[in-house]
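Small disclaimer: the values here were computed from a predicted structure and weren't measured.
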Amino acid sequence: ASMHLGDKVLLPPSTLETLMARVPSNRMPHPMLFRISLVGGEGGKHVGVLEFSAPDGCVVVPLWVMRSLGISDGSQLLVETAELPRGTFAKLQPLSEEFATLEDP
């Protein structure tokens, strides 16, 4: 799937180096989650990281996340590590009745 459709960002390699220096490997969260927000702004979005391959000082963010945060190219972002509680329940609703006729693989 394209990065632009998901909730993953690209962060610089220095971000991973900083995390590895501060967090013991056995305490490193999996998956790595981050909260990004506009510096001085309210709100924010939780995102995962696709790769640590962005240029230093840059975060590559999907367009839909940029629009949701009201940011544009060159905006100053705050990137923080985040932990979210694990989900314990999911309720799914089919979009059509065709779902009931699918064979069980």
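In this structure, F52 and P13 approach most closely via the heavy-atom pair O-CG, 3.4 Å. Between M28 and H30, the closest heavy-atom pair is O-CD2, 3.2 Å. Across all non-hydrogen atoms, the minimal contact from P12 to G57 is CG-N, 4.0 Å. Nearest heavy atoms, G43 versus S37: O-CB, 3.5 Å.
A distance of 7.5 Å separates CG of L69 from CG of L77, quoted to the nearest 0.5 Å. Interatomic distance, CG of L19 versus CD of E17, reported as 10.5 Å (0.5 Å rounding). Rounded to the nearest 0.5 angstrom, K8 NZ and L33 CG are separated by 8.0 Å. Within the model, atoms CD1 of I36 and CE of M66 stand 9.5 Å from one another, a figure rounded to the nearest 0.5 Å.
A donor-acceptor contact shorter than 3.5 Å links the side chain of T18 to the backbone of S14.
F34 is not listed as a side-chain neighbour of K45, based on a closest heavy-atom distance of 4.5 Å or more. A heavy-atom distance below 4.5 Å is found between the side chains of V79 and V59. Between V9 and P62 there is a side-chain heavy-atom pair separated by less than 4.5 Å. Side chains of V65 and D7 form no contact here, defined as non-hydrogen atoms less than 4.5 Å apart.
The side chain to side chain donor-acceptor pair (under 3.5 Å) pairs that include a residue from residues 70-84 are R35-E80, where partners are two or more places apart or lie in different chains.
Heavy atoms from other residues, nucleotides or ligands lying under 6.0 Å from CE of M20 number 12 at most.
Hydrophobic clustering, with ILVMFWY side chains joined whenever heavy atoms are under 4.5 angstrom apart, keeps L78 apart from I71. Under the 4.5 Å side-chain heavy-atom criterion for Ile, Leu, Val, Met, Phe, Trp and Tyr, V60 and L50 are members of the same hydrophobic cluster.
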